[in-house]
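What follows is one structure encoded as structure tokens, with my remarks underneath.
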Amino acid sequence: MQANSVLRGGRGVGMMRGVMSEQDAESSVPADVLTAAVREGFARAGFAEADVPGGLSVVATANPAFGDYQCNAAMPLAKAVGRAPRRIAESVIAALPAHPCLGRAEAAGPGFINLFLDDAWLCKQGAALGTDPRLGVPRTGRGRTIVMDYGGPNITKPLHIGHLRSPNIGGALDRMYRLLGYRVIADSHLGDWGTQFGITIMGYREYGDAEAMERAPMEELERVYVKSYERSRRDEAWLTRCREELVKLQAGDAENTALWKRFVALSLEELDRIYGRLGVSFDLVRGESYYRDRLRETVAVLRERGLARPSEGALAVFLEDEKLPPCIVRKSDGGFNYATTDIATVMSRVEEFQPDRIVYVTDERQQLHFRQVFAICRRLGYDTALEHVWFGLMRLPEGTFSTREGTVIRLEALLDEAERRALAVVQAASPDMPAARQAEVARAVGVGAVKYADLSQNPQSVVTFTWDKALALDGNSGPYLQYAYARIAGVRNKYDARFPGRDPETEPLRLSEPVERELLIRLVRFPETVRRAAESGKPSIVTDYLYDLAQVYSAYYQAVPFLKAPAGLRESRVRLGGVTARVLRRGLELLGIEVLERI
RNA sequence: ACCCCGGUAGCUCAGUUGGACAGAGCAGCGGACUUCUAAUCCGCAGGUCGCGCGUUCGAAUCGCGCCCGGGGUACCA
């Protein structure tokens, strides 16, 4: 496959990014520090962690009245050791080790242990975030490699709105893992070697229009595919011929290979253009075809190991032990399918990269497929962690979209409309801005809105697409966050203009209003938020966090004077805004959303 | 028939894996721009967490049984 601009340019796959944090050795993630402290408290008070059902840890509180973090372990422990939970909580609190992070602790209710972060530590920690390029995120993945498999659509068809989710969610997780210190290899596993080529080749020969192919190739390819596919549904002989064309292609037939190359090249142009608009790029773009020469050998290995055996003319792996249906690895016509390719792909990736994990980001329909593939890989002896992060299908209010019924919305049309709507808002809000700049802002805001609308939902829920939801510009939306960021940048610029030569960073952070503490607590929770989002495969955890952060900042900004505050306090507030901006920027970058200094 | 998801305010969705009184955004109503960006902020109203049993100090969250919706179940991917 040709290299193309979807590839990440210039960056060595194995290179560590960013600057090492000075504080790497000692974690400053509040949840970690407090969990360690509480563990020690329980131990010193004479309780064994093993007695605590569900383990010992702290969680952020929902209500600031109950502290910043709470530990609930005293209550489940009570029964095991036969003591009153409240007493347990009190004795643990008495035994807690001193730590600069921990301000105070108190027992509450039936046996909650409420923990308050120390104000001075909060200020110091918040200030540190202002210079730490990692914003306190620990390198939990240091020395480990993840292959991320996402954003690999079946080609020869135009991308529609349903194709947004994989690169969007996958890309966000990819960047989070990199920030967490993993070596990440992002691979777009294009569907370029399957049955759809047999169907497309037959359709092209029978129905193809040379002139349309010149003018609008992707539309034409889709048109002939649909015609051929429909015919295959009612014409058994046609379907058989489609399959034969695929087998010929897979066997290296010259004419089919030439057609295939042409279709792939056209598809990559389209993919390149749209992924370019979305800012999506990969370390590798290896389609299924990359593994074509390994398929025969893969099946041979499965046979040697006694895993695959003939069944109804095909070759299948039976997975009764895993309570899974049989998995076909070679069709009765001799052709190979998706499962064969995916097994070969695991083999290849393990050989080449020795990954600790391979993470696949696809839609929910592939759950069974991956369970089968993973089971087969385990039987082959691979101990690489194989994970399937799946997301719900995108639907329209009237149901699933269908090419035949013309209810497909093309991804490019969505991006166009997003930019159009954003431009109208920019023109209304910033009439003085040069037109070229307005267009640039509209582009970033429009794409940001589309991405955010998708990422802010739990991936595993079905997304019902509506224009107004996908293009929301206010409320819990990407533009809201971009606006919050731009406002902070505006304050900083005004500060620099009005107080030339002064540097807010030389003043300590102060807590003069309760909301400042609220803001600071959120800021220091960035690391644990990123970690939780990555490990649970849910970028929505980051969007929720950022939205909450921006809301608290906006309320703060609206309620108290910044530039008109007394000297000292003024610097503290500008500085706190600056830290907030850094977190917003980093968070939005993780989501693949651009930030702008002025919108 | 079986397997996997989902059901929370009028609508769209959160809910940190069992914690304290269930939260946002839209939409609705009422306020705040001669002032650091009003793409904003403040307030009001809005709930049988699909239904029923159960588990326990404690359930939207866990178990069982139903009801609705989506997806999947060997030669598509």
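Per chain, numbering begins at 1; letters A, B, ... match sequence-line order.
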task = Indicate, with a heavy-atom threshold strictly under 4.0 Å, whether A/E528 touches base, sugar-phosphate, or nothing.
result = nothing
request  = Tell me which of A/S332 and A/P76 sits closer to the 5' end of RNA chain B, going by the nucleotide each one is nearest to.
outcome  = A/P76
ask   = Would A/F112 pass as stacked on B/G19, i.e. its ring centre under 5.5 Å from the base's six-membered ring centre and planes under 30° apart?
value = no
task = Could you check which of B/G15, B/C41, B/C76 has an atom nearest any side-chain atom of A/K331?
result = B/C76
key: Watson-Crick or G-U wobble mate for B/A1, both contacts under 3.5 Å   = B/U73
Throw together a table of side-chain donor-acceptor distances under 3.5 angstrom for residues 481-488 of chain A, partners on residues two or more places apart or in other chains.
residue, atom, partner, partner atom, Å
A/Q482, NE2, A/A444, O, 3.4
A/Q482, NE2, A/E594, O, 2.8
A/Y485, OH, A/R585, NE, 3.1
A/Y485, OH, A/R585, NH2, 3.0
A/Y485, OH, A/E597, OE2, 3.1
A/R487, NH2, A/Q558, OE1, 3.3

request  = Respond yes when some side-chain nitrogen or oxygen of A/K469 is under 4.0 Å from OP1 or OP2 of B/C13, and no when none is.
outcome  = yes
ask   = Between B/U73, B/A77, B/C21, which nucleotide gets closest to the side-chain atoms of A/L368?
value = B/U73
remark   = Each nucleotide of nucleotides 26-39 of chain B classed B (base within 4.0 Å of a protein heavy atom), S (only sugar-phosphate) or -, in 5' to 3' order, makes S--------BBBSB
request  = Identify whether any heavy atom of A/A108 sits under 4.0 Å from a base atom; if not, whether one sits that close to sugar-phosphate; answer base, sugar-phosphate or nothing.
outcome  = base
B/A59: pairing nucleotide in any strand, Watson-Crick or G-U under 3.5 angstrom = none
message = Please report the distance separating the P of B/C66 from the corresponding atom of B/C42, rounded so that it comes out in whole Å.
response = 47 Å
remark   = When rounded to whole Å, the CH2 to C1' distance for the pair A/W390 and B/G6 reads 8 Å
inquiry  = Taking only side-chain N and O atoms of A/Q551, does any of them lie within less than 4.0 angstrom of OP1 or OP2 on B/G25?
reply    = yes
query = Would you say the side chain of A/M202 lies within less than 4.5 Å of the side chain of A/W238, judging by non-hydrogen atoms?
reply = yes
query = Do A/R531 and A/V29 come close enough that some side-chain heavy atom pair is under 4.5 Å?
reply = yes
request  = Give the nucleotide from the list B/U16, B/A77, B/C42 with an atom nearest to the side chain of A/A555.
outcome  = B/C42
query = Does A/R243 make a side-chain N or O approach to OP1 or OP2 of B/C76 shorter than 4.0 Å?
reply = yes
query = Does B/G23 have a Watson-Crick or wobble partner in any strand here, with both distances under 3.5 angstrom, and which is it?
reply = B/C13
task = Return the nearest nucleotide to the side chain of A/Y547; candidates are B/G72, B/G25, B/G19.
result = B/G25
inquiry  = So, under a plain 3.5 Å distance rule, would you say the side chain of A/E312 forms a donor-acceptor pair with the base of B/A74?
reply    = yes
message = Once you apply a heavy-atom cut-off of 4.0 Å, does A/E288 come out as touching a base, just sugar-phosphate, or nothing?
response = sugar-phosphate
key: Length of the OH-P vector between A/Y452 and B/A14, whole Å   = 12 Å
message = Both distances below 3.5 Å, Watson-Crick or wobble geometry, any strand: find the nucleotide opposite B/A32.
response = B/U40
A/S554 side chain, from C-beta outward: closest of B/G25, B/A20, B/U40 = B/U40
inquiry  = Categorize A/N114 for me: base, sugar-phosphate, or nothing, with a 4.0 angstrom heavy-atom threshold over every strand shown.
reply    = base
request  = Assign A/N458 to base, sugar-phosphate, or nothing according to its heavy-atom contacts below 4.0 angstrom with the strands shown.
outcome  = sugar-phosphate
Complement of B/C66, any strand, by Watson-Crick or G-U distances under 3.5 angstrom = B/G50
task = Take atom CD of A/Q367 and atom C1' of B/G70, then tell me their distance rounded to the nearest Å.
result = 12 Å
